[in-house]
Structures are given as structure tokens and as C-alpha cells.
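Within every chain, numbering begins at 1; the chains are lettered A, B, ... in the order of the sequence lines, protein sequences first and strands thereafter. Note that the structure is predicted; figures quoted are calculated from it, not measured.
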Amino acid sequence: RAAQGRTYGNLGNTHYLLGQFRNAVKSHEQRLLIAKEFGDKAAERRAYCNLGNAYIFLGEFSLAAEHYKRTLQLARQLKDRAVEAQACYSLGNTYTLLQDYERAIDYHLKHLIIAQDLNDRIGEGRACWSLGNAYTALGNHDQAMHFAEKHLEISKETGDRS
Amino acid sequence: TQRMHLIQIDSVQRWMEDLRYMTEVE
């Protein structure tokens, strides 16, 4: 049964890489079921993240957000700060797709704080880029300028010419 | 409409380009 769980996870990832997102969801749902049977929180966390990703490419952004929220809860339970940051970043982007910019900003700020704690300058740069765009969408140009300047400063430091 | 919106926001577009080949491996 444990091997079945791992195999469903691998199958889900293969379907995903092939662009077969419905099949990816089916496999990752099975993987999730087996992870729950075993109380395997790390595997459960991976399955929720993979499901969120597949729902993004199916255009089902609300479902993606629900799955990323479960990823975030489990990342916190598992005390994995890098995964927590990644989940916040995914949620920020998903709420941007849903045009809910206030929620997007909440999650991008959470991502920014963790990236700063972890001294992840690339993550911090991406958070600033995302925040600049979200504030622009809200018409808050002062905040947009603040984050655009921070993004520029970090991009120079990390040598990101694009 | 959602896809049109997506193209307008470059940071989201970049995230999705990365996400397309990102998987949580067993």
C-alpha cells in the first residue's frame, strides 16, 4: 500500500509534466488518500501542492487556492519555513489570478517576511515584484513604487538583468 | 478573460512558467 502511494505520486507528476492535468488530479487524489491512511503528513503536503499546481493549469483557481491553503497548514505543522514561503507565494499568485488583490497582497507580504528571515534574496525580489504589481492593480501607486524600487535594488544585487 | 488578465501581470506569468515543470517528487 505504501508503494502504491508513491507510485500514484509519480504517476501524477508524469501526467502533469505531459500536460494531462485531469489525470494528474486523479492520481494525486489517490496519493492523498493513501498518505492520509498512513498519517504521512509530508506526503499529504506534497499531494496538496501537486493538486494545487494541476488546478492552476485547469483554470480552476479557487480549487487551487483551497489546496494551497492545506499545503500551507501542513507546512506550518511540519515547521518547514521554505515550504511555508512557497505556499504563500503560490497563494499570492493564485489570488492575483482571481483578481482578489487584497488577499494576494496578504500572502505576498507573508512570503516577503519569510524570505527576509531566510536571507533568500531571490525570493524577496520576487515578493517585491509581485507586491508592486498587486498594488498597481489596486491603484496604490505609492506602495507600487516602493516595491518596484526594492525589486530593482535586489535585481541589481542578484545580477538579474531581465 | 482570466488568461488575458494573466498575460498582463508579468510576475504571475513568470511564476506559471516555472510552475509548469515543477513537481513535488516522492
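Of the two parts of A:Leu18, only the backbone, made up of N, CA, C and O, holds a non-hydrogen atom closer than 4.5 Å to a non-hydrogen atom of chain B. Both the backbone and the side chain of A:Ser90 come within less than 4.5 Å of a heavy atom in chain B. A:Asn10 touches chain B through backbone and side chain together, each having a heavy atom under 4.5 Å away. There is no contact between A:Tyr8 and chain B, counting heavy-atom distances below 4.5 Å.
Under the 4.5 Å side-chain heavy-atom criterion for ILVMFWY residues, a single connected hydrophobic cluster contains both B:Tyr21 and A:Tyr55. No path of Ile, Leu, Val, Met, Phe, Trp and Tyr side chains, each step under 4.5 Å between heavy atoms, connects A:Tyr89 with A:Ile154, placing them in separate hydrophobic clusters. Both B:Val12 and A:Tyr107 are assigned to one and the same hydrophobic cluster, defined by single-linkage of ILVMFWY side chains at heavy-atom distances under 4.5 Å. Linking ILVMFWY side-chain heavy atoms closer than 4.5 Å, directly or via other members, places A:Val83 and B:Trp15 in two distinct hydrophobic clusters. A:Trp129 and A:Leu97 fall into different hydrophobic clusters, where Ile, Leu, Val, Met, Phe, Trp and Tyr residues are linked whenever their side-chain heavy atoms come under 4.5 Å apart, directly or through other members.
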Decide yes or no on side chain to side chain contact (heavy atoms under 4.5 Å, CB included) for B:Asp18 and A:Arg126, but give the supporting numbers first. CA-CA 12 Å; B:Asp18 291 343; A:Arg126 284 185 182 177; 3.6 Å; yes
Walk me through whether B:Glu24 and A:Arg31 qualify under side chain to side chain contact (heavy atoms under 4.5 Å, CB included). CA-CA 12 Å; B:Glu24 292 281 342; A:Arg31 205 290 163 255; over 6 Å; no
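Interatomic distance, B:Leu19 CG to A:Asn53 CG, rounded to the nearest 0.5 Å: 4.0 Å. Annotation: the span from B:Ser11 atom OG to A:His151 atom NE2 amounts to 8.5 Å, rounded to 0.5 Å. If you take CZ on B:Arg14 and OG on A:Ser162, they are separated by 6.5 Å, rounding to the nearest 0.5 Å. The line from CD of B:Glu26 to CG of A:Leu11 is 10.5 Å long, rounded to the nearest 0.5 Å.
No more than 12 heavy atoms of other residues, nucleotides or ligands sit less than 6.0 Å from atom CZ of A:Arg103.
A donor-acceptor pair under 3.5 Å links the side-chain atoms of B:Arg20 to the main chain of A:Tyr16, judged by distance alone. Without hydrogens or angle criteria, A:Asn13 side chain to B:Thr23 main chain gives no donor-acceptor distance under 3.5 Å.
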